[in-house]
Amino acid sequence: MIASPADRDRSDDPFAEIGDPVLFVADKRRGLVAVAGAHEYDEAKTVGVFYVTDRARRRLLLHSQHRVNAMAFHPTLPLLVMGSGEYDGGYYFEGELLLLHLETGTALSLIEHRLGRQVLGLEWLNDQDLRVL
């Protein structure tokens with residue numbers, strides 16, 4: 001996944017680059033929302049992180065190789081974890097588990113296998129433990 005800063009977004013529609021929202025999570029404490037969106041006849045492979053005030057302002061934009069299935073904001077740190085992936089109908093369950101630092105825009109893959117693993121669900125249980133499906 002590649003993060004790009006918000007200053008590249010000059011559109012009046014902050015959701016234009018992500019398409020139709022299909023999945024979202026909110027961080028009320030920071031006033032942020034992460035939205036995975038899909039364009040017509042496509043899967044949700046683009047994630048936008050937005051400041052929510054009187055009007056949404058994009059903070060970061062990310063592109064995944066696979067469909068985004070789950071996202072969760074860390075309860076106290078400026079982090080967003082994202083899970084993506086898909087089943088190819090045969091042997092492979094490809095995907096990514098990415099940790100995004102919200103202040104720097106840096107994304108780190110948490111699965112070292114070259115094909116990754118399909119991630120279907122995420123939940124922070126506390127400050128240190130993450131439940132991954």
Quick test of your reading: applying salt bridge (Lys or Arg N to Asp or Glu O under 4.0 Å), list the pairs with at least one residue in residues 61-85, sequence neighbours left out, ordered by first then second residue.
E43-R67
Side-chain touch L80/M71, heavy atoms, less than 4.5 angstrom
yes
Apply side-chain contact (heavy atoms from CB on, under 4.5 Å) to L110 and list each qualifying residue two or more places apart in sequence or on a separate chain.
L97, L99, L108
Whichever hydrophobic residues join L120 through chains of side-chain contacts under 4.5 Å
L133
Beyond-backbone contact of H101 with P78, side-chain heavy atoms, under 4.5 angstrom:
yes
Measure from the side-chain N and O atoms of N69 to the backbone N and O of V119, and report whether any donor-acceptor pair falls under 3.5 Å.
yes
If you link ILVMFWY side chains whenever their heavy atoms are less than 4.5 Å apart, which other residues fall into the same cluster as F93? By chain and number, please.
Y87
Go through the structure and list residues passing side-chain hydrogen bond (donor to acceptor under 3.5 Å, both in side chains) with D88, not counting sequence neighbours.
none
Hits for side-chain hydrogen bond (donor to acceptor under 3.5 Å, both in side chains) against R30, two or more places apart or cross-chain, chain-then-number order -> D27
Test item: R29 side-chain N/O and T76 main-chain N/O as donor-acceptor pair under 3.5 Å
yes
Criterion side chain to side chain contact (heavy atoms under 4.5 Å, CB included) on L62 and M82, from CA distance to verdict
CA-CA 11 Å; L62 305 111; M82 295 168 287; 4.2 Å; yes
With sequence neighbours excluded, tell me which residues meet ring pair (Phe, Tyr, Trp, His ring centres under 6.0 Å) with Y92.
none
Show the numbers, then the answer: is there a side chain to side chain contact (heavy atoms under 4.5 Å, CB included) between F73 and V25?
CA-CA 7 Å; F73 284 102; V25 294; 3.6 Å; yes
For L125, the other hydrophobic cluster members (4.5 Å side-chain criterion, sorted by chain and number) are none
Excluding sequence neighbours, so at least two apart, what forms ring pair (Phe, Tyr, Trp, His ring centres under 6.0 Å) with F24?
none
Those residues that, when tested against R131, pass salt bridge (charged side-chain N to carboxylate O under 4.0 Å, His left out) (two or more places apart):
E123
Considering residues at least two apart in sequence or located in another chain, which fulfil the side-chain contact (heavy atoms from CB on, under 4.5 Å) criterion with L77?
H74, L79
Just to verify, what does A70 make a side-chain contact (heavy atoms from CB on, under 4.5 Å) with, not counting sequence neighbours?
L122
Can you see whether E96 engages S64 through a side-chain donor-acceptor pair at a distance of less than 3.5 angstrom?
yes
